[in-house]
Amino acid sequence: MPDVPVSPITAIDSHAHVFSRGLQLAAERRYAPAYDAPLGDYLAQLHGHGFSHGVLVQPSFLGTDNRYLLSALRTAPEQLRGVVMLERDVEREALDEMARLGVRGVRLNLMGQVQLPDLTAAEWRPLLERIGEQGWHLELHRQVADLPALVRALRPYGLDIVIDHFGRADARRGLGQPGFAELLTLGGEGKVWLKVSGIYRLEGTPRENLRFAQQALGALEAHYGAERLMWGSDWPHTQHESTVNFSSVVEQFEALGCSAQLRQALLVDTARALFRFD
């Protein structure tokens with residue numbers, strides 16, 4: 001694939017995945033796709049929907065083998081940034097090379113884990129300190145009830161933290177569900193960002209999910225400010241491929257009814273600053 005020319009930022013998709021069926025899968029995984037999601041297809045989706053830039057996030061089923069993601073970053077370095085998954089004993093030299101390629105964060109995907117890791121334990125210190133040394137953020141993917149405790153455990157490291165997919169709240173339980181009120185208060189700390197993505201993953205019916213997303217977004221804007229919120233497509237919508245596509249998630253975004261200021265933050269300004277696209 002030829003190098004993608006540099007383009008002005010029109011919109012940034014802050015959350016997407018690329019992969020191939022031929023890749024080595026993680027031994028412990030909740031899901032394995034039966035199709036390919038190559039970079040060319042993703043770039044075509046961006047172009048077709050008016051997006052100029054995107055962020056590739058390592059999918060959980062590939063574990064800490066980030067080679068496919070890093071190859072994609074090499075192909076379109078000006079257009080893409082990356083979020084990887086790492087072993088706790090990763091060497092600084094490996095992180096330096098990832099940073100050169102455009103990696104700006106590390107994902108801790110805790111969905112499906114019965115027992116959460118103790119992030120205050122000594123074995124986590126080297127990785128968490130190295131993330132901070134790189135100036136990267138830590139991205140948390142877990143149900144909302146557990147997120148406040150995880151964020152508290154990370155406070156001593158002073159890391160920037162990004163919360164995935166509305167905190168994986170349950171739309172059926174409303175804004176009063178366990179963890180959500182405390183998630184809102186985290187916005188006052190100034191070190192937490194949130195992705196208003198994956199509306200279709202909020203456990204309810206499409207109508208329930210959209211209504212919750214609208215209410216939650218208003219509360220999140222009030223507590224975090226628009227500058228801490230960003231939107232992502234979650235392409236290619238793993239485990240929901242038969243009912244969701246890039247066009248439908250863009251339609252969901254439009255249905256949120258954002259003000260011009262919030263829209264600018266969600267689609268451009270927040271991700272441009274956090275992932276250092278300039």
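This is a predicted model, so every value here is computed, not measured. When reading the values below, keep in mind they use all heavy atoms of this one structure, side chains included, and skip hydrogens, waters and symmetry mates.
Remark: Arg211 engages no residue in a side chain to side chain donor-acceptor pair (under 3.5 Å) (not counting sequence neighbours). Tyr157 meets the side chain to side chain donor-acceptor pair (under 3.5 Å) test with no other residue; sequence neighbours excluded. Applying the side chain to side chain contact (heavy atoms under 4.5 Å, CB included) test to Pro38 and every residue at least two apart in sequence or in another chain returns Asp36, Asp41, Tyr68. The side chain to side chain contact (heavy atoms under 4.5 Å, CB included) check on Asp96 picks up Gln134, with sequence neighbours excluded. Take Glu241 and apply the side chain to side chain contact (heavy atoms under 4.5 Å, CB included) test, not counting sequence neighbours, and it matches Tyr31, Tyr35, Thr238. Checked against ring-ring contact (aromatic ring centres under 6.0 Å, His included), Phe166 has no partners two or more places apart in sequence or in another chain. Shown here are the side chain to side chain donor-acceptor pair (under 3.5 Å) partners of Arg173, two or more places apart in sequence or in another chain: there are none.
Minimum interatomic distance between Asn209 and Gly204 (heavy atoms only, all atoms of both residues): OD1-N, 2.9 Å. For the pair Leu229 and Thr270, the tightest heavy-atom approach, listed with the atom from each and the gap, is O-OG1, 2.8 Å. Across all non-hydrogen atoms, the minimal contact from Val57 to Ser14 is CG2-O, 4.4 Å. When all heavy atoms of Leu39 and Ala72 are compared, the pair lying nearest together is CD2-O, 3.7 Å. Between Ser248 and Thr243, the shortest heavy-atom distance links the atoms OG-O, 4.5 Å. Nearest heavy-atom pair, His237 versus Arg201, reported as atom, atom and distance to 0.1 Å: C-NH2, 3.8 Å.
Here the two rings, on His49 and His47, have centers that are 6.0 Å apart or farther. The aromatic ring centroids of Phe180 and Phe212 lie less than 6.0 Å from each other.
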In a table with atom names and distances, give each donor-acceptor pair under 3.5 Å that connects a side chain of residues 82-93 to protein atoms at least two apart or in another chain.
unit_1, atom_1, unit_2, atom_2, d
Glu87, OE2, Thr64, OG1, 2.9
Arg92, NE, Glu133, OE1, 3.1
Arg92, NH2, Glu133, OE2, 3.4

Identify each donor-acceptor pair in which a side-chain atom of residues 215-223 lies under 3.5 Å from a protein atom, sequence neighbours left out, and give them as a table.
unit_1, atom_1, unit_2, atom_2, d
His223, ND1, Ala219, O, 2.9

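Of the possible donor and acceptor atoms, none in the side chain of Gln45 sits under 3.5 Å from a partner among the backbone N and O of Asn245. In terms of modelled atom types and a separation under 3.5 Å, the side chain of Arg168 and the main chain of His141 share no donor-acceptor contact. No donor-acceptor distance shorter than 3.5 angstrom exists from the side chain of Lys191 to the backbone of Ile161, with no hydrogens or angles considered. At distances below 3.5 Å, not a single donor-acceptor pair connects side-chain atoms of Gln113 with backbone N or O atoms of Leu110.
Pairs of residues two or more places apart, or lying in two chains, that qualify as side chain to side chain donor-acceptor pair (under 3.5 Å) and include a residue from residues 252-268 are Glu254-Arg263, Gln264-Asp269. Listed by first and then second residue, the salt bridge (Lys or Arg N to Asp or Glu O under 4.0 Å) pairs involving residues 137-154 are Arg107-Glu139, Glu139-Lys195, Arg142-Asp146, Arg152-Glu182 (not counting sequence neighbours). Counting only residues at least two apart or in different chains, ring-ring contact (aromatic ring centres under 6.0 Å, His included) contacts with residues 108-140 comprise His137-Phe275.
Tested against Asp13 for a side-chain hydrogen bond (donor to acceptor under 3.5 Å, both in side chains), the candidates Trp235, Tyr42, Trp231 yield a single pass: Tyr42.
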